[in-house]
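The structure appears below as structure tokens.
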Amino acid sequence: MLKSDRIGLVVIVASLMAIGAIVYMVFQYQKTDRLADIRSQGVSLVRALSGVPYEQLIPGGEQQGVVQVLKHSDINNGFAYVSVVDVRGQSVNEVTADGIIVPPGKIPNEPSSWLGESHLELTGDQREVIEFHAPLLENGALQGFVRLGYFQPTVGMDMSQLPFLATVALPVFLLTPLFYLLLRMEVRPVREANREINRFMEGESLRRVEVSATGELGEFMQRFNQFIEHANSRIQGLEHDQQRLITSAKLLTYKKNRIETVLETLPEAVLILDESGAITFANQKLGVLFNVSPEVIITQPLNEWCDHPDVIQLLTKYRTSYKGQNFTDTIRFSVTDIADRAIATKTYPLFSPNSPASAVGTLVVFRDETKDALARQARTDFVANLSHELKSPLNVLGLYSESLLSESGKSEEFRIEAANVISDEVERLGALITGLLNMTQIENGSLTPNRSLVKLNDLAKAAFDEACQSANDKNYTFEFDAPKEMNPLFADKDLIRIAITNLLSNAVKYNSDGGEVRLTIEETEDAVQIRVADTGMGISEDDASRIFEKFYRSPDDHVQSINGHGLGLALTKQIIELHHGSLSLDHDREQGAEFIINLWKETTVAKQAI
Ligand code: ADP
């Protein structure tokens with residue numbers, strides 16, 4: 001719309017300029033025409049006056065009135081002045097148009113220039129005059145001159161010329177809209193092309209512009225339409241390519257996500273190096289291992305996140321001399337902030353399925369071998385402990401059997417003592433072997449609990465009475481606090497009895513003189529809680545973290561002086577966990593030790609249902 005307005009404006013301005021040019025040319029023509037008129041009129045008049053004797057033109061002369069007539073003559077249009085001067089140039093008679101002063105004129109010296117024309121400027125007036133001068137002669141002698149001045153015609157307009165101007169302007173004004181329409185029709189193809197380009201810029205598809213045009217414009221439109229067809233086919237091609245790229249990008253993302261999910265799910269921490277040795281992937285577990293985010297591992301230099309020289313050396317090796325080579329490498333290191341932690345790092349070359357000959361990268365696996373190492377250690381400790389526990393009673397048995405065979409063993413007193421010691425040691429060995437057997441069976445899953453409905457208060461009371469009996473030589477106080485009536489629990493009564501007995505026997509063993517042993521049972525809607533407490537030596541923080549390990553006994557001298565194999569609590573814990581319950585130590589106790597067994601009724605009920 002704006003553009004077509006501009007075209008209209010251009011047409012109007014052009015029309016006005018055309019009118020201006022026409023008017024100017026007409027005025028110029030008029031000026032030239034008028035000048036010619038003045039010249040012919042001036043020349044003939046000045047010649048006519050030159051023929052009149054000087055005497056007759058000066059005041060008092062017969063013809064002096066001729067001069068007056070000139071001013072009012074119709075044919076003398078543009079008259080400015082007529083002046084009769086003597087040979088010195090002094091005016092002797094003159095007639096002027098209103099308000100005009102005759103300008104001083106030069107008296108021509110040479111007879112050849114007596115008759116002539118000059119252009120003068122009026123004094124006190126801006127206008128110019130054309131002056132015609134001729135000599136006044138008498139009997140061949142120069143008497144003076146006659147000077148006849150006409151106003152120089154100017155280019156200008158007066159009201160009289162208005163009809164003429166209207167006649168010139170009217171057709172031009174009438175033609176202007178016609179020109180405008182013609183021009184608009186002429187530029188229509190360009191407008192249409194422009195509209196198409198605008199549509200395209202707004203996201204529409206490109207279309208051919210179907211307008212007829214001839215000449216250069218027609219050629220341009222043809223080229224424009226060819227360009228559109230070409231651009232359309234290019235766009236289609238690009239769209240097709242883009243679609244393919246999007247699909248393959250989606251596929252790649254899907255594959256990448258799948259691989260990353262697999263790598264994240266692996267139990268090990270992993271790194272992937274590309275063929276130049278640069279890190280391209282690190283899973284979360286690796287981040288946890290080095291205490292940084294995987295992002296940092298990928299983007300930051302090696303020494304920013306890893307301070308282990310062996311790892312740095314290994315990964316640097318891939319960046320320098322081992323680019324994309326097929327080999328595996330293993331190093332072991334321990335993470336310094338976690339004691340006894342052992343990490344084994346192994347590298348595997350990654351081969352492309354298309355060219356299995358050369359590696360495209362390297363998979364670096366960091367395997368935490370701490371558990372394996374601990375398990376190895378535990379096995380070694382277990383065998384050592386067991387050997388020790390078996391050896392001491394065997395030593396005692398060996399010693400007494402030797403003595404019995406010797407002379408000193410003949411006395412009745414010694415025989416009785418030896419029989420008691422041997423019986424005790426055999427009992428201890430039996431208890432040790434039973435405990436070990438139970439534990440091994442529980443650990444390898446071969447012990448199936450023989451469950452039945454058990455009245456826990458009765459079972460606990462029996463174990464409690466037995467403990468009281470075994471300690472009747474000690475001045476301990478025994479307290480038993482359990483509900484009279486309890487819902488029966490579905491459990492293996494023998495195993496539960498062993499668990500409670502172990503806790504009670506510890507409470508007796510590690511108690512101090514005048515101490516107290518208390519067994520409390522509380523029943524809630526969901527669970528049964530058994531607490532075994534004593535007021536003895538208690539358990540230090542260090543020991544508390546290890547007392548449930550097999551064969552662990554406190555290094556405390558008092559504990560070491562008391563008989564034991566360090567298996568009771570380990571077995572108790574396993575029995576309770578076999579019943580899906582929990583065994584824990586109450587850490588808040590100020591004096592003595594208190595162990596808490598929690599057995600969940602729901603579990604028991606659920607098991608019952610099975
Ligand atoms: P044992 O009593 O044969 O040594 P346990 O497995 O029953 O083995 O106990 C492991 C260790 O736990 C004991 O050696 C002792 O150091 C500590 N312990 C267990 N019960 C108590 C307790 N009631 N008071 C103090 N220490 C205890």
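Whatever order the structure lists them in is the order used to number ligands and atoms, beginning at 1.
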Worksheet item: Does ligand 1 have an atom under 4.0 Å from some heavy atom of Phe548?
Response: no
Discussion item. If the cut-off is 4.0 Å to any non-hydrogen atom of Ser554, which atoms of ligand 1 fall inside it?
Written reply: 14 (O), 16 (O)
Worksheet item: Does ligand 1 have an atom under 4.0 Å from some heavy atom of Asp534?
Response: yes
Worksheet item: Should you measure from each heavy atom of Lys509, which atoms of ligand 1 turn up under 4.0 Å away?
Response: 1 (P), 2 (O), 3 (O)
Worksheet item: Is Arg234 paired with Glu229 through a side-chain N to carboxylate O contact shorter than 4.0 Å?
Response: no
Practice prompt. May I ask you to check if Lys285 and Phe366 form a cation-pi contact, with NZ or CZ under 6.0 angstrom from the six-membered ring centre and within 45° of the axis?
Written response: no
Worksheet item: Can you tell me which residue and heavy atom of the protein come closest to atom 13 (C) of ligand 1, and the distance to 0.1 Å?
Response: Tyr510 OH, 3.4 Å
Worksheet item: Quick one: nearest non-hydrogen protein atom to atom 10 (C) of ligand 1, plus distance?
Response: Tyr552 O, 3.4 Å
Worksheet entry | Any side-chain donor near an acceptor of the partner, Thr524 and Asp526, under 3.5 Å | no
Worksheet item: Considering residues at least two apart in sequence or located in another chain, which fulfil the salt bridge (charged side-chain N to carboxylate O under 4.0 Å, His left out) criterion with Glu577?
Response: Lys573
Fill in: Under 3.5 Å side-chain donor-acceptor pair for Asp543 and Ser540
yes
Fill in: Thr572-Asn502 side chain donor-acceptor pair, cut-off 3.5 Å
yes
Practice prompt. Decide whether the shortest distance between a heavy atom of Asp543 and an atom of ligand 1 is less than 4.0 Å.
Written response: no
Worksheet entry | Residue, atom name and distance, where the atom is the protein heavy atom closest to atom 8 (O) of ligand 1 | Gly566 CA, 3.1 Å
Worksheet item: Salt-bridged, Asp465 to Lys461, with N to O below 4.0 Å?
Response: yes
Discussion item. If the cut-off is 4.0 Å to any non-hydrogen atom of Gly564, which atoms of ligand 1 fall inside it?
Written reply: 3 (O)
Worksheet item: Got a sec: does the NE2 of His587 have more than 12 other heavy atoms crowding it under 6.0 Å?
Response: yes
Practice prompt. Pick one of side chain, backbone, both or neither for how His565 approaches ligand 1, counting any non-hydrogen atom pair under 4.0 Å.
Written response: backbone
Discussion item. Just to be sure I read this right, does ligand 1 sit under 4.0 Å from the backbone of Asn506, its side chain, both, or neither, counting only heavy atoms?
Written reply: both
Worksheet item: Side chain, backbone, both or neither: which part of Phe595 has a heavy atom under 4.0 Å from ligand 1?
Response: side chain
Worksheet entry | Distance filter under 4.0 Å to Leu567 heavy atoms, resulting ligand 1 atoms | 6 (O), 8 (O)
Worksheet item: Of all the non-hydrogen atoms in the protein, which one sits nearest to atom 4 (O) of ligand 1, and at what distance?
Response: Arg553 NE, 2.5 Å
Discussion item. If only side-chain N and O atoms count, and only distance matters, is there a donor-acceptor pair under 3.5 Å linking Thr347 with Tyr318?
Written reply: yes
Worksheet item: Parallel, tilted or perpendicular: which fits the ring planes of Phe414 and Tyr400, with parallel below 30° and perpendicular above 60°?
Response: parallel
Fill in: Which residue and heavy atom of the protein sit nearest atom 5 (P) of ligand 1, plus the separation
Leu569 N, 3.6 Å
Worksheet item: Among pairs that include at least one residue of residues 483-492, which meet side-chain hydrogen bond (donor to acceptor under 3.5 Å, both in side chains), considering only residues two or more places apart or in two chains?
Response: Asn487-Glu523
Worksheet item: Does ligand 1 have a heavy atom under 4.0 Å from the side chain of Ile539, from its backbone, from both, or from neither?
Response: side chain
Practice prompt. Before signing off on this row, confirm whether Ala593 and ligand 1 have an N or O atom pair separated by under 3.5 Å.
Written response: no
Worksheet item: Regarding Glu264 and Gln284, is there a side-chain donor-to-acceptor distance under 3.5 Å anywhere?
Response: no
Practice prompt. Decide whether the shortest distance between a heavy atom of Gly536 and an atom of ligand 1 is less than 4.0 Å.
Written response: no
Discussion item. Checking a contact table here: which protein heavy atom is nearest atom 12 (O) of ligand 1, and how many Å away?
Written reply: Ile547 CG2, 3.2 Å
